[in-house]
Amino acid sequence: MKIVYKTYVLLAVVIAVSSINLFVLLQTSQENETVLHSISSASNLKVIAERIAGTANSIASGNEADRQTLAQQINDFENTYAVLGSGGDLNGTTIIPVPTELRNNYGDVGNSWNIYKQKAEEIRQEPVFDPEVKNALKYILEKDGDLITLTNGVSNDLSSLDRNYNRHKEIAAELTTLTKSIAENTLLISIGEKGNNADVIKKDRILFDVDLRKLEGLSLANLDTDGVQIKNETLQTIPRENGASLRELDPLWESLELKIKTVESTPLLSKEFGKSLQELNTQRESLLSTTALFVYDWNKLIDGKLRERVNVVQGLLVADIVVFVIVMVSIRKSLNPLVMLTSALSRVKEGFYGEKIDYRSSDEIGILAQTFNLMSETIQIKEQEAKKIEIAKDEFLAMITHELKTPLVPIQGYADILLGEHLGSLNRDQKERLEVIKSSSASLLQLISDLLDAQKLELGQLKIKKQTENVKQTVEKTITAMMPQANAEEIELTSNVKPDIYANYDDERIIQVLTNLIKNAIKATTPKNGKVQIFVEDKPDEVKISVKDNGTGLPKDSLDKIFRKFYQVDTSTTREKGGSGLGLSICKGIVENHGGKIWVESEFGKGATLSFTLQKNENPNLHSNTNK
């Protein structure tokens with residue numbers, strides 16, 4: 001059977017089984033989703049009940065605006081409960097009616113809710129605070145400033161008296177402290193803070209009354225101290241001229257004391273409201289437990305029904321696995337020959353051409369194997385022809401560049417002789433034209449040298465003479481040679497090389513690399529503001545040399561291309577300042593022939609850093625020559 005027909009049959013079987021599974025799963029999923037939404041809504045009854053309790057406590061704290069919120073929450077519970085009983089839409093979600101088996105549970109929740117709702121409605125309508133206590137708090141807070149002023153006035157009146165009145169002054173200071181404490185605790189009660197604030201106010205009131213009586217010279221015999229420890233003292237009578245504030249304080253305190261006693265003895269929360277709140281919190285536990293039992297029984301009922309469907313789904317899954325295994329075995333048997341084809345293609349990818357696949361069959365893979373064998377043989381022939389053409393082209397280019405280089409040397413020499421006026425004096429126009437001839441021939445000679453070096457690197461014929469050299473001396477020689485060009489461009493050229501560092505390399509070739517990198521850096525910088533720095537980093541096994549500039553930098557998309565032959569980042573700049581696009585390619589070849597690596601780091605507009613490494617030789621007296 002053809003593979004394509006076999007594939008169609010297997011796909012048809014898989015699609016048929018998958019369709020049955022999908023239908024069953026979708027139907028089960030839809031039903032489960034609706035049931036889960038319904039159970040979730042039933043669970044949400046507990047959440048709403050908790051919110052009602054929280055809102056009731058918030059109202060008890062004085063948040064009158066929450067009465068409207070409480071009404072909305074009561075309505076939410078009523079609506080959710082009603083939809084659960086009859087089914088329908090709830091907030092855009094389809095809800096199924098409560099199953100018949102759970103109708104009794106549903107009724108228990110309703111009965112508990114009716115009691116809870118009654119208490120919630122009472123809380124929504126009852127006033128929160130006792131009017132008498134509320135007025136007393138308001139009066140105390142209003143008169144607190146006057147009380148503090150008068151107690152401070154008593155202290156001021158006594159301040160001019162001699163040391164016989166020191167105890168009077170201490171008591172006056174205590175009155176000020178007690179006044180502040182009474183005001184603070186009254187404020188805490190007024191904002192609904194819980195705690196022993198009323199007991200603290202009571203104690204402060206008794207102590208204040210005792211201190212006031214002491215200053216007034218009144219007896220403490222009939223004073224009700226309610227267990228507060230006091231000390232009987234007989235104080236010297238305060239002169240009349242120093243008792244003005246004390247006389248004003250007495251009637252004010254008399255009126256405040258009655259209000260403070262009211263706050264001490266009567267809760268701020270009204271009795272009716274407090275009773276409803278307490279009964280609500282008691283009924284809340286009953287409602288929550290009834291609702292929780294309702295949700296639990298519903299989940300239990302659903303779990304039983306789901307087990308039945310799970311058995312069906314498990315049976316379908318077993319069928320799926322069996323079909324899948326059969327399909328996989330059939331596909332594996334049909335596609336085994338492709339392993340050989342894949343292996344052969346990998347060999348072609350690695351450059352091994354001409355290999356053939358030994359597979360004979362009339363199916364599609366057999367035809368594919370025959371086609372591959374023909375293709376592999378054709379590629380082998382074409383590759384051999386291409387290599388011959390490439391070698392011939394490289395040899396021809398090397399010959400041409402060498403022949404072009406030969407006449408350029410005497411052209412440069414004769415230009416120098418004429419410019420030196422050894423054959424007669426020259427006028428300014430003649431000198432300018434000879435300078436052009438000299439400069440152009442030098443550029444052409446450099447281009448030809450670069451082409452020769454590039455071809456030698458390509459053919460593996462570039463001579464590298466490696467020996468232990470001093471990196472510091474190599475860098476200094478390069479800087480000395482490049483300094484005239486840097487000075488002419490008014491560009492700062494510096495290095496950080498201090499100690500002698502030795503490495504194994506060809507001095508002339510590394511100077512060639514450094515010279516090329518420095519030339520490129522000078523081209524990239526702006527005259528007068530340009531800086532080119534050479535850094536040498538001594539590492540355990542190698543030496544890292546970097547050339548950094550503050551020029552225009554390189555675009556991100558060109559960082560992985562600049563070491564290719566003839567690649568130029570900006571054609572306009574290259575034409576303006578010169579360059580063949582071979583320099584960095586040659587640098588890469590020289591560095592790699594030394595066993596090192598070269599790379600660039602740059603951000604456009606922020607300069608560039610080109611770095612390369614050289615293998616070290618720890619023994620500076622050891623020399624070795626290598627020719628490639």
Salt-bridge present (R247, E216; N to O < 4.0 Å): no

Among residues at least two apart in sequence or on other chains, which ones pass ring-ring contact (aromatic ring centres under 6.0 Å, His included) with Y139? none

What I'd like to find out is whether the side chain of F604 reaches to under 4.5 Å of the side chain of K556, using heavy atoms alone. no

Keeping R67 on the side-chain end and R124 on the backbone end, is there a donor-acceptor pair under 3.5 Å? yes

Atom pairs and distances, donor-acceptor, side-chain atoms in residues 176-183, under 3.5 Å, two or more places apart:
residue : atom : partner : partner atom : Å
T176    : OG1  : A172    : O            : 3.4
T177    : OG1  : A173    : O            : 3.2
T179    : OG1  : L175    : O            : 2.7
S181    : OG   : N185    : ND2          : 3.4
S181    : OG   : D204    : OD2          : 2.5

Start with the C-alpha gap between E170 and N166, add the side-chain angles, then the distance that decides, and say whether side-chain hydrogen bond (donor to acceptor under 3.5 Å, both in side chains) holds. CA-CA 6 Å; E170 291 175 359; N166 284 347; over 6 Å; no

Is a donor from one side chain sitting under 3.5 angstrom from an acceptor on the other, for D108 and T290? no

Answer yes or no: is there a side-chain heavy-atom contact under 4.5 Å between L161 and P239? yes

Using 4.0 Å as the upper bound for N to carboxylate O, is an ion pair formed by E254 and K143? no

Using a strict threshold of under 4.0 Å (side-chain N to carboxylate O), is an ion pair present between R213 and D209? yes

Decide yes or no for K117 and I52: does some side-chain heavy atom of the first lie under 4.5 Å from some side-chain heavy atom of the second? no

Is Y106 reaching over with its side chain to a backbone N or O of Y81, donor-acceptor style, under 3.5 angstrom? yes

Verify the ring-centre separation between W113 and F77: is it less than 6.0 angstrom? yes

Check whether any side-chain heavy atom of N75 lies under 4.5 Å from a side-chain heavy atom of Q72, and answer yes or no. yes

